[in-house]
Amino acid sequence: IKDFDVSFQVQLPNEWDPCLAKSANIGITAGVETDRCNPAWVQACNQMSMVIVPSQHTKKVLEVSGNITTRLEVVPESFPACFLDEPQQLDLDLPGDFSFLVVGQLTSGDPKCDRKRIQETVSWLCSEFAGDPSVGIVIKTNSGRGTRIDRAVCERMLNECSSPRKNGFPYLTLLHGAMTDEEMHALYTHPKVKAYVTATRGEGFGLPILEAAACGLPVVAPGWSGHMDFIPKGKFIRLSHELKPIADARIDANIFMRGTKWAEVSEAEFRAKVRKLRESASIPRGWAKELRAHIVAGNSPAAINAAYDSVLEGVL
């Protein structure tokens, strides 16, 4: 036992130390993005005084993966406080008049293993809008670091997956490296950024989706996993999906277990939905405005702080 009274350990469950503090050891984790998790994680949860997860999805995954005996609470994530202020100007000259925004870390060089499906998302957008100079694609990504080598990896990935383009269209803009909350706010609200798109296979919560919705961007996303806690508070452009086994190469017997599944959306479905959005965006913009009001009310820093106060009452 250490000299701490209470510990908050924001890690994967197998990394928690249940003996770190004397009175309470609280584990905080986004868990896993598939339909089940490592059973050892359930055992790790049961050794903690309390476990806090950001979504009902993560909670259900833990519950179906074993017998949870410890207190398990859901406290969502919030968007940055600066998103409630007027956005600053971002020095970003985007060509065209309609840009799709893609945000997420490149989790694998193999498109079949990439949880965020960054390569396929870009490839499908390039295919659907090949040769169209009015359309742009803004990709905020990295492959784990903010180095020049990492940027070169991302540029090579974009060159490979953007081959369906014709005559250099649609335009591609790569944003790499750290950006402040204020800069991200400016990106989400850039006058030429018209929609946030993701074909993600699974999210423990889906923070970029929340941030886009908090900024009033129309959202195109699958109807499964962590973001379904908040995105159905309004209307969004839902991509239908099938739950399919994860790729064998992704199995690591720790985070990703054999036999687990995640969501797969089809290229045809994705391309049809983004095409319809491009041609008729006024109704989705109205949906996004209504959804923003719900997100601002339920996921502001003040609202999430209050949720933590409620959950931690009696612990601190």
Side-chain angles (χ1 to χ4, degrees), residues 10 12-13 28-38 41-42 45 51-66 68 72-79 101-108 111-121 124 141 195-214 217-247 250-252 254-267 269-270 273 291 294-295 298-299 304:
V10 187
L12 293 176
I28 303 176
T29 186
V32 70
E33 300 85 6
T34 51
D35 64 337
R36 284 179 290 125
C37 72
N38 188 338
W41 286 14
V42 176
C45 288
V51 172
I52 298 175
V53 296
S55 67
Q56 291 293 333
H57 169 76
T58 299
K59 181 180 180 181
K60 291 176 182 177
V61 168
L62 288 169
E63 290 175 335
V64 301
S65 300
I68 294 286
L72 181 58
E73 298 283 353
V74 175
V75 179
E77 297 189 32
S78 70
F79 55 83
L101 177 60
V102 180
V103 178
Q105 184 169 306
L106 183 66
T107 63
S108 173
K112 294 180 180 179
C113 297
D114 182 25
R115 177 172 60 83
K116 298 283 189 177
R117 300 192 84 174
I118 300 294
Q119 301 107 308
E120 288 168 303
T121 298
W124 296 345
T141 191
Y196 179 90
V197 294
T198 176
T200 181
R201 291 181 164 108
E203 300 290 334
F205 180 76
L207 185 57
I209 302 174
L210 177 80
E211 292 180 346
L217 265 184
V219 172
V220 181
W224 187 79
S225 76
H227 57 280
M228 292 303 289
D229 272 26
F230 59 84
I231 204 75
K233 292 179 180 178
K235 291 184 179 180
F236 70 106
I237 300 171
R238 182 191 298 250
L239 299 171
S240 58
H241 68 278
E242 294 183 50
L243 288 183
K244 294 185 177 181
I246 64 174
R250 196 64 163 135
I251 296 168
D252 60 8
N254 180 27
I255 299 176
F256 297 100
M257 307 297 291
R258 186 172 299 280
T260 56
K261 299 178 180 180
W262 54 17
E264 298 280 356
V265 301
S266 72
E267 178 181 355
E269 164 87 356
F270 181 92
K273 292 291 177 67
L291 177 57
H294 291 289
I295 298 297
N299 292 84
I304 302 309

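Note that these values count all heavy atoms, side chains included, but never hydrogens, waters or copies made by symmetry.
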Side-chain contact test, heavy atoms from C-beta onward, threshold under 4.5 Å: evaluate it for [X] versus [Y] and give yes or no.
X	Y	result
Val220	Leu239	yes
Val265	Ser240	no
Glu211	Tyr196	no
Leu106	Asp114	yes
Phe236	Pro218	no
Met228	Arg238	yes
Thr29	Val10	no
Trp41	Leu12	yes

Under 3.5 Å donor-acceptor, [X] side chain and [Y] backbone:
X	Y	result
Thr107	Arg115	yes
Thr58	Val53	no
Glu77	Gly206	no
His227	Pro222	yes

Q.
Under a 3.5 Å cutoff, is there a donor and acceptor pairing between the side chains of Asp35 and Thr260?
A.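 Asp35 vs Thr260: no donor-acceptor pair found between side chains.
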Q) With a 3.5 Å cut-off and no angle check, do the side chains of Ser225 and Glu203 form a donor-acceptor pair? A)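 No donor-acceptor contact under 3.5 Å links the two side chains.
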How many angstroms lie between atom [atom1] of [X] and atom [atom2] of [Y], to the nearest 0.5 angstrom?
X	Y	atom1	atom2	answer
Lys244	Ile246	NZ	CD1	14.5 Å
Thr200	Glu33	OG1	CD	7.5 Å
Trp262	Arg117	CH2	CZ	9.0 Å

What are the two closest non-hydrogen atoms of [X] and [Y], and how far apart are they?
X	Y	result
Leu62	Cys37	CD2-SG, 3.8 Å
Ile295	Phe79	O-CE2, 3.5 Å
Val74	Lys59	CG2-CD, 3.8 Å
Ala213	Ile231	CB-CD1, 4.3 Å
Phe256	Thr34	CD2-CG2, 3.9 Å
Pro245	Lys261	N-CG, 3.8 Å

**Q.** Criterion side-chain contact (heavy atoms from CB on, under 4.5 Å) on Met257 and Ile251, from CA distance to verdict
**A.** CA-CA 6 Å; Met257 307 297 291; Ile251 296 168; over 6 Å; no
Q. When you look at NZ of Lys235, are more than 12 heavy atoms from neighbouring residues, nucleotides or ligands closer to it than 6.0 Å?
A.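 Not buried by this count: 12 neighbours or fewer within 6.0 Å.
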Q: Could you tell me whether Glu264 and Arg201 have a side-chain N and a carboxylate O separated by less than 4.0 Å?
A: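 Looking at Arg201 together with Glu264, the answer is yes, because their closest N to O distance falls below 4.0 Å.
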Q: Inspect the contact between Lys60 and Glu63 and indicate whether a charged nitrogen and a carboxylate oxygen are less than 4.0 angstrom apart.
A: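 Looking at Lys60 together with Glu63, the answer is no, because their closest N to O distance does not fall below 4.0 Å.
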Q.
Students often mix this up, so state it plainly: with edges at 30° and 60°, are the rings of Trp224 and His57 parallel, tilted or perpendicular?
A.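 Perpendicular: the ring planes of Trp224 and His57 meet at over 60°.
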Q: Show the numbers, then the answer: is there a side chain to side chain donor-acceptor pair (under 3.5 Å) between Ser55 and Asp229?
A: CA-CA 6 Å; Ser55 67; Asp229 272 26; 4.8 Å; no
(Q) Go through it in stages, so that I can follow the logic: the residues are Thr198 and Val102, the test is side-chain contact (heavy atoms from CB on, under 4.5 Å), and I'd like the CA-CA distance, side-chain angles, deciding distance and then a yes or no. (A) CA-CA 7 Å; Thr198 176; Val102 180; over 6 Å; no
Q: Assess whether side-chain contact (heavy atoms from CB on, under 4.5 Å) is satisfied between Phe270 and Thr121, documenting all intermediate values.
A: CA-CA 8 Å; Phe270 181 92; Thr121 298; 3.8 Å; yes
